[in-house]
Participant: 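Got a structure for you, written out below as structure tokens; questions coming shortly.
Just so you know, residue 1 is the first one in the sequence shown, and it goes up from there. Just so it is clear, the model here is predicted, and its values are computed rather than measured. Basis for what follows: all heavy atoms, side chains included, without hydrogens, waters or symmetry-related copies.
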Amino acid sequence: MTDAPLPKRVAPQQAFASIQARPRDLLVDIRSTMEYLFVGHPVGAVHIPWIDEPDWVENPHFVAQVRKLLLGGIGDEGEDAPAVFLICRSGKRSLVAGQALIAEGIENVYSVDEGFEGPLDNEHRRSTTAGWRFHGLPWEQC
């Protein structure tokens with residue numbers, strides 16, 4: 001665990017609006033490959049798992065893979081620097097993954113609060129009270 005600050009939290013609608021207004025901003029889906037493929041994912045999201053099967057360990061190349069996506073945008077400063085929006089299932093893993101990015105010098109990092117599916121409801125189902133899908137934002141499924 002790092003002492004780096006946590007990423008800023010934003011609602012799914014805020015993340016979507018930013019990505020629409022600023023095409024250089026990135027939406028990175030950090031869920032496992034199975035979640036990304038079979039549960040669905042936001043349209044346009046890039047998949048870089050934070051923890052993945054078969055071993056369910058943190059991806060040691062996560063920060064490098066995100067840096068590669070930014071294609072030199074890291075050197076930009078101020079409001080023109082691309083933002084990195086991280087999304088997971090419910091908004092918990094994206095906080096830890098964002099903290100790892102911040103610890104390595106990537107500053108414009110956001111965690112999509114509620115995640116893709118949101119928390120469990122009283123009947124132990126997701127996407128019924130919160131999350132990217134619940135809010136009707138664009139998503140697709142393989």
Side-chain angles (χ1 to χ4, degrees), residues 1-121 124-142:
M1 189 73 171
T2 177
D3 288 336
L6 291 171
K8 300 169 219 92
R9 297 169 75 147
V10 297
Q13 304 93 317
Q14 291 173 289
F16 179 72
S18 179
I19 292 161
Q20 294 300 298
R22 294 173 35 103
R24 288 182 50 200
D25 288 353
L26 299 171
L27 177 59
V28 180
D29 191 320
I30 68 162
R31 294 174 299 148
S32 72
T33 300
M34 288 188 298
E35 289 172 295
Y36 180 83
L37 292 175
F38 299 117
V39 176
H41 53 270
V43 170
V46 177
H47 181 234
I48 302 177
W50 172 247
I51 297 174
D52 208 0
E53 66 270 350
D55 299 324
W56 301 106
V57 296
E58 287 181 11
N59 175 358
H61 308 292
F62 180 78
V63 173
Q65 291 171 322
V66 172
R67 280 192 194 279
K68 186 176 179 181
L69 275 181
L70 291 170
L71 297 174
I74 295 297
D76 293 345
E77 295 185 13
E79 292 193 26
D80 291 331
V84 178
F85 292 91
L86 302 177
I87 191 166
C88 63
R89 181 179 60 197
S90 63
K92 293 179 182 149
R93 282 177 280 179
S94 57
L95 288 171
V96 178
Q99 192 175 32
L101 294 176
I102 292 167
E104 293 296 322
I106 301 172
E107 296 179 5
N108 205 7
V109 180
Y110 297 85
S111 170
V112 179
D113 209 20
E114 303 175 10
F116 184 69
E117 296 181 81
L120 290 170
D121 66 12
H124 302 285
R125 296 176 300 168
R126 294 189 187 272
S127 298
T128 61
T129 62
W132 187 276
R133 283 196 318 195
F134 174 79
H135 292 293
L137 298 171
W139 66 282
E140 58 193 359
Q141 192 170 16
C142 295

Participant: List the atom of G118, the atom of R126, and the distance in Å for their closest heavy-atom pair.
Facilitator: O-NH1, 2.8 Å
Participant: I'd like to know if the side chain of E58 and the backbone of W50 have a donor-acceptor N/O pair within less than 3.5 Å.
Facilitator: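 Checked: no pair found.
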Participant: My understanding is that only residues two or more places apart in sequence, or in another chain, count here; which of them pass side-chain hydrogen bond (donor to acceptor under 3.5 Å, both in side chains) with T129?
Facilitator: none
Participant: With Q13, which residues qualify under side-chain hydrogen bond (donor to acceptor under 3.5 Å, both in side chains), at least two apart?
Facilitator: H135
Participant: Which value, rounded to the nearest 0.5 Å, describes the distance between L95 atom CG and D113 atom CG?
Facilitator: 7.5 Å
Participant: So F85 and Y110, would you call those rings parallel, tilted or perpendicular, with 30° and 60° as cut-offs?
Facilitator: parallel
Participant: What distance separates L137 CG from F116 CZ, expressed to the nearest 0.5 Å?
Facilitator: 9.5 Å
Participant: Can you tell me how far CZ of R24 sits from CD1 of I19, rounded to the nearest 0.5 angstrom?
Facilitator: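 CZ of R24 is found 14.0 Å from CD1 of I19.
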Participant: Work out which heavy atom in N59 is nearest to a heavy atom in Q65; give both atom names and the distance.
Facilitator: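 For N59 versus Q65, the nearest heavy atoms are ND2-OE1, 2.8 Å.
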Participant: Verify, without hydrogens or angle tests, whether H41 (side chain) and E35 (backbone) share a donor-acceptor contact under 3.5 angstrom.
Facilitator: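 No; zero donor-acceptor contacts below 3.5 Å.
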Participant: What is the distance from atom NE2 of H47 to atom CD1 of I87, rounded to the nearest 0.5 Å?
Facilitator: 12.0 Å
Participant: For R89, enumerate each residue passing the salt bridge (charged side-chain N to carboxylate O under 4.0 Å, His left out) test, keeping only those at least two apart in sequence or located in another chain.
Facilitator: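 With sequence neighbours excluded, R89 shows a salt bridge (charged side-chain N to carboxylate O under 4.0 Å, His left out) to no residue whatsoever.
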Participant: Grab the two heavy atoms, one from P12 and one from G115, that are nearest each other, plus how far apart they are.
Facilitator: CG-O, 4.5 Å
Participant: Above 12 or not: heavy atoms from other molecules or residues under 6.0 Å from CD of E107?
Facilitator: no
Participant: Taking all non-hydrogen atoms of both residues into account, name the closest pair between V109 and P7 and its distance.
Facilitator: O-CB, 3.5 Å
Participant: Search all heavy atoms of P42 against all heavy atoms of L27 and return the closest pair with its distance.
Facilitator: CB-CD2, 3.5 Å
Participant: Evaluate the side-chain proximity of W56 to S32: yes if any heavy-atom separation is below 4.5 Å, no if none is.
Facilitator: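 Sidechains of W56 and S32: in contact.
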Participant: Has the side chain of R31 got a donor or acceptor atom that lies under 3.5 Å from a matching backbone atom of R93?
Facilitator: no
Participant: Working to the nearest 0.5 angstrom, can you tell me the gap between I48 CD1 and L69 CG?
Facilitator: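 CG of L69 is found 4.0 Å from CD1 of I48.
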Participant: For the residue pair E114 and G131, what are the closest heavy atoms and their distance?
Facilitator: OE1-N, 2.8 Å
Participant: Under 3.5 Å, side chain of D121 to main-chain N/O of T128, donor-acceptor pair present?
Facilitator: no
Participant: Distance from E117 atom CD to S127 atom OG, nearest 0.5 Å?
Facilitator: 5.0 Å
Participant: With a 4.5 Å cut-off on side-chain heavy atoms, are N108 and K8 touching?
Facilitator: yes
